Amino acid sequence: MNFALTTEWLQRLVVEVASRGHGYGATDLGHREPVQVEFGSINPTGPMHIGHGRGVVLGDSISRVLEFTSHQVQREYYVNDQNTQARRFGASVWARMHGEEPPEGGYAGAYVTELAEMAKADLGDVDSLPRDEAEAKVREYAIAVMVYRIRASVARLNVRYDEWFPESRLWQDGLPQLAINRLRDAGFLKERDGALWFGPALEEEDGLGEQVRSEKDDRVVIRSNGEPTYFASDLGYLLSRFERRGFNRVIEVWAADHHGYVARLKSAAAALGINADQLVIIIHQMVNLKEGKMSKRAGRFVELDELVDKVGSDAVRYFYLLRSPDTTIEFDLELALTQSSENPVYYAQYAHARLSNVEATANERHPKLPEPANVSLLIHPWELDVARQLAYWPEVVEDATRLLEPHRIPYYVHDLATAVHRFYHAGNETGEHRVVVDDPELTRARLELCRAARHTLKTALDLIGVTAPDRM
RNA sequence: GCCCCGCUAGCUCAGUGGAUAGAGCAUCUGCCUUCUAAGCAGAGGGUCGGGGGUUCGAAUCCCUCGCGGGGCACCA
């Protein structure tokens with residue numbers, strides 16, 4: 001695409017964008033494709049920290065972009081409510097309720113003790129039950145509280161979910177069992193050392209299958225003690241989504257520490273008869289603290305809530321989305337706090353607020369303006385530059401959709417805001433270049449440009465979940 | 001050992017074959033009696049980690065080496 005954008009073409013674009021409003025840039029790219037975006041699904045055994053925030057913001061923005069381009073999106077959080085970690089968590093709370101130390105590999109944070117106190121108050125007679133049942137009740141209770149808190153944390157970041165899907169529902173519906181039977185019939189499972197293993201299958205086509213395949217690539221589905229692994233649940237989860245719920249595509253957002261599982265899950269999907277290309281796994285790199293690795297056990301992590309408290313949702317979202325998922329973030333909390341007032345998000349929001357203010361001023365000064373706008377009066381370079389930026393927007397949306405890369409949007413927002421600030425500033429230099437002037441026709445033409453730019457700014461900010469204030 | 005990500009201005013990062021490689025921050029110089037200065041204009045700052053290759057053309061594609069981060073469980 002390399003064509004000169006003529007003045008006349010740009011002027012017509014301004015009219016079109018101003019009239020389409022917030023729909024400008026939306027396309028039918030998705031053709032109503034049913035897509036699930038699953039993101040942020042951490043074990044509900046502790047609070048979200050700033051690393052989780054990155055995945056949550058990324059998944060939410062991908063969902064927003066897909067919705068904007070006519071995909072039928074369902075946003076899901078997969079709640080691990082009965083895996084090993086959940087059991088350890090429940091056992092830890094149970095231990096604290098009885099004045100004991102958490103078991104080996106358990107959870108030791110202060111919030112565990114707090115949960116134990118809450119459980120004692122809310123589950124009064126739990127100790128009259130047999131130990132197994134009591135612990136299960138405590139686990140259920142503790143998980144429910146953590147999920148509640150996670151919901152609150154992500155809501156503060158302007159993140160929405162449609163479904164909180166519990167792992168236990170898969171087993172109730174018999175899906176992992178169904179998947180295991182299917183894989184067994186197809187010859188993908190084998191028993192060894194008393195456990196049931198899944199062997200790789202994807203390599204068959206490349207002619208290297210026999211060389212690549214080895215026992216160490218196998219993955220346990222059912223442990224030798226008869227307990228299923230998370231992998232067994234994931235097999236059922238694939239059937240749940242691709243077959244029971246009929247999603248054409250499933251997009252998962254994972255942190256880089258899980259990347260090794262990508263090939264395994266894809267080969268499992270293929271073995272189940274699902275087209276592995278329809279399972280899209282987006283890996284984002286880690287968020288590390290400048291002081292060192294985050295670690296729950298060492299008590300060295302920053303809670304997401306704390307960051308949102310101090311910096312605000314808009315700044316947090318913009319900060320995360322300004323980076324490609326492939327970049328590791330070294331997080332400096334102190335710097336984030338001191339620089340919060342000069343966060344680049346305000347540059348964009350300020351442009352929006354200025355436009356809103358100008359439009360309000362125009363309405364006061366000129367209660368009646370001519371219709372329609374005579375956009376041939378938009379001739380200055382700073383005016384046409386705004387229009388030129390507007391012309392780029394649909395392509396940005398398309399790239400962000402096709403590549404599932406929302407980070408392209410804040411960069412566009414910045415460029416559009418720059419054009420807007422220059423346009424506005426021209427009126428500071430010389431009064432006659434203001435939007436609101438004595439001539440109603442000229443005012444009306446420039447107002448048209450303001451509306452087009454403001455709508456597009458608002459649309460773009462919406463897609464990254466950042467608010468567009470009318471006043472700052 | 002194997003797998004994934006990164007290496008671009010002093011710092012943090014954009015840029016998936018096409019013009020003289022860009023932005024923010026930092027540094028320096030100007031601009032508020034005005035529709036909002038959380039803004040605008042300008043300056044300095046680059047062997048795009050090294051080396052090969054493909055191409056009319058490479059930060060971008062291929063190979064290789066180096067450095068940094070992450071991962072290779074009957075945890076998830």
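Every value quoted in this text rests on a predicted model; they were computed, and no experiment measured them. No hydrogens, no waters, no symmetry mates; every other heavy atom, side chains included, goes into these values.
A:Ala195 comes within 4.0 angstrom of a base, heavy atoms only. If you check every strand for non-hydrogen atoms under 4.0 Å, A:Tyr230 touches a base. Among the atoms of the strands shown, base atoms are found under 4.0 Å from some heavy atom of A:Ser224. Contact annotation for A:Ala353: base contact, defined as any heavy-atom pair under 4.0 Å involving a base atom. Using a 4.0 Å heavy-atom distance criterion, A:His407 is classed as a sugar-phosphate-only contact. Using a 4.0 Å heavy-atom cutoff across all strands shown, A:Asn83 reaches sugar-phosphate atoms only and no base atom. A:Asp470 comes within 4.0 angstrom of a base, heavy atoms only. At a threshold of 4.0 angstrom between heavy atoms, the contacts of A:Phe231 with the nucleic acid are absent. Across all strands shown, A:Arg471 has heavy atoms under 4.0 Å from base atoms, whether or not it also approaches the sugar-phosphate. Nucleic acid contact for A:Arg434: base, since at least one base atom lies under 4.0 Å from a heavy atom of the residue. Within 4.0 Å (heavy atoms only), A:His421 reaches sugar-phosphate atoms of the nucleic acid but no base atom. Among the protein residues, A:Gly427 comes within range of the nucleic acid bases, having at least one heavy atom under 4.0 Å from a base atom.
For A:Met472, taking side-chain heavy atoms from C-beta onward, the closest of the listed nucleotides B:A14, B:A38, B:G69 is B:A38. Counting only heavy atoms from C-beta on, A:Arg422 has its side chain closest to B:C40 among B:C40, B:A76, B:C13. Of all nucleotides listed (B:G70, B:U12, B:A76), B:A76 comes nearest to the side chain of A:Asn80. Side-chain proximity of A:His259 to B:G71, B:C5, B:A76: nearest is B:G71. Distance from the side chain of A:Thr84 is smallest to B:A76 among B:A76, B:C31, B:C74. For A:Glu405, whose side chain is taken as the heavy atoms from C-beta onward, the closest listed nucleotide among B:A26, B:G15, B:G6 is B:G15. Residue A:Tyr411 places its side chain closer to B:A14 than to any other of B:G69, B:A14, B:A76.
For the side-chain contact (heavy atoms from CB on, under 4.5 Å) criterion with A:Asp470, the lone passing option out of A:His352, A:Arg354, A:Gln349 is A:His352. Remark: of the listed residues A:Glu359, A:Glu364, A:Arg446, A:Arg365, A:Arg365 is the sole one forming a side-chain contact (heavy atoms from CB on, under 4.5 Å) with A:Val436.
Ion pair A:Arg87/A:Glu135 not flagged as a salt bridge, since none of the NZ, NE, NH1 or NH2 atoms sits closer than 4.0 Å to an Asp/Glu carboxylate oxygen. Between A:Arg149 and A:Glu303 there is no salt bridge, since no side-chain N of the basic residue sits under 4.0 Å from a carboxylate O of the acidic one. A salt bridge does not link A:Glu38 to A:Arg75: none of the charged side-chain nitrogens sits closer than 4.0 Å to a carboxylate oxygen.
For the atom pair A:Leu369 CG and A:Glu371 CD, the distance stands at 7.5 Å (nearest 0.5 Å).
Residue A:Arg408 places at least one side-chain N or O closer than 4.0 Å to OP1 or OP2 of B:G15. The phosphate of B:A38 (OP1 or OP2) has a side-chain N or O of A:Tyr350 nearer than 4.0 angstrom. For A:Arg192 and B:C74, the shortest distance from a side-chain N or O to OP1 or OP2 is not below 4.0 Å. Proximity of A:His414 to the phosphate of B:A14: no side-chain N or O atom is located under 4.0 Å from OP1 or OP2. Between A:Thr328 and B:C5 there is no side-chain polar atom (N or O) within less than 4.0 angstrom of OP1 or OP2. The phosphate of B:G69 (OP1 or OP2) has no side-chain N or O of A:Thr327 nearer than 4.0 angstrom. An OP1 or OP2 oxygen of B:A37 is reached within less than 4.0 angstrom by a side-chain nitrogen or oxygen of A:Asn428.
In this entry B:C25 has B:G10 as its Watson-Crick or G-U wobble partner, both defining distances falling under 3.5 Å. With both pairing distances under 3.5 Å, B:U60 is matched to nothing as a Watson-Crick or G-U wobble pair. The partner of B:G44 is absent, by the rule that a Watson-Crick or G-U pair needs both atom distances under 3.5 Å. The base-pairing partner of B:A73, taking Watson-Crick or G-U wobble contacts with both distances under 3.5 Å, does not exist among the strands shown. Of the nucleotides present, none pairs with B:C32 by Watson-Crick or G-U wobble criteria with both distances under 3.5 Å.
Here, B:C4 and B:C11 have their C1' atoms 27 Å apart, quoted to the whole Å. With both ends at atom C1', the span from B:C48 to B:A9 equals 10 Å, rounded to whole Å. Here, B:G6 and B:C62 have their P atoms 12 Å apart, quoted to the whole Å. The gap from the P atom of B:C63 to that of B:C3 amounts to 12 Å, rounded to the nearest Å. Of the C1' atoms belonging to B:A21 and B:U29, the separation is 26 Å, rounded to the nearest Å. B:G69 and B:C13 have their P atoms separated by 15 Å, with the value rounded to a whole Å. B:U8 and B:C67 have their C1' atoms separated by 16 Å, given to the nearest Å. Only the P atoms considered, B:G1 is 15 Å distant from B:U64, to the nearest whole Å.
Straight-line distance from the CD1 atom of A:Ile329 to the P atom of B:C11: 18 Å, rounded to whole Å. The distance from atom OH of A:Tyr347 to atom P of B:C13 is 21 Å, rounded to the nearest whole Å. The CG atom of A:Asn288 sits 14 Å away from the P atom of B:U12 (whole-angstrom rounding). Taking atom CG of residue A:Leu321 and atom P of nucleotide B:U12, one finds them 20 Å apart after rounding to whole Å. To the nearest angstrom, C1' of B:A38 lies 15 Å from NE2 of A:His425. In this structure, A:Asp415 atom CG and B:G15 atom C1' are separated by 11 Å, rounded to whole Å. Counting to the nearest Å, the P atom of B:C74 and the CG atom of A:Asp193 are 10 Å from each other. A:Phe331 places its CZ atom 20 Å from the C1' atom of B:G70, with the value rounded to the nearest Å.
A donor and an acceptor atom, one from each side chain of A:Thr418 and A:Tyr347, are located under 3.5 Å apart.
The glycosidic torsion of B:C28 lies more than 90° away from 0, which places this base in the anti conformation.
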### Task
Run the numbers on A:Arg402 and A:Asp399 for salt bridge (Lys or Arg N to Asp or Glu O under 4.0 Å), then give the verdict.
CA-CA 5 Å; A:Arg402 192 166 38 83; A:Asp399 287 348; 2.8 Å; yes
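For A:Leu239 against A:Leu175, the heavy-atom pair with the smallest separation is CD1-O, 3.8 Å. Looking at every heavy atom in both residues, A:Thr443 comes nearest to A:His366 through OG1-NE2, 3.7 Å.
Both A:His433 and A:Glu330 lie close to RNA chain B; mapped to their nearest nucleotides by heavy-atom distance, the more 5′-ward contact belongs to A:Glu330. Between A:Tyr346 and A:Ile283, the residue anchored nearer the 5' end of RNA chain B, judged by the nucleotide with its closest heavy atom, is A:Ile283.
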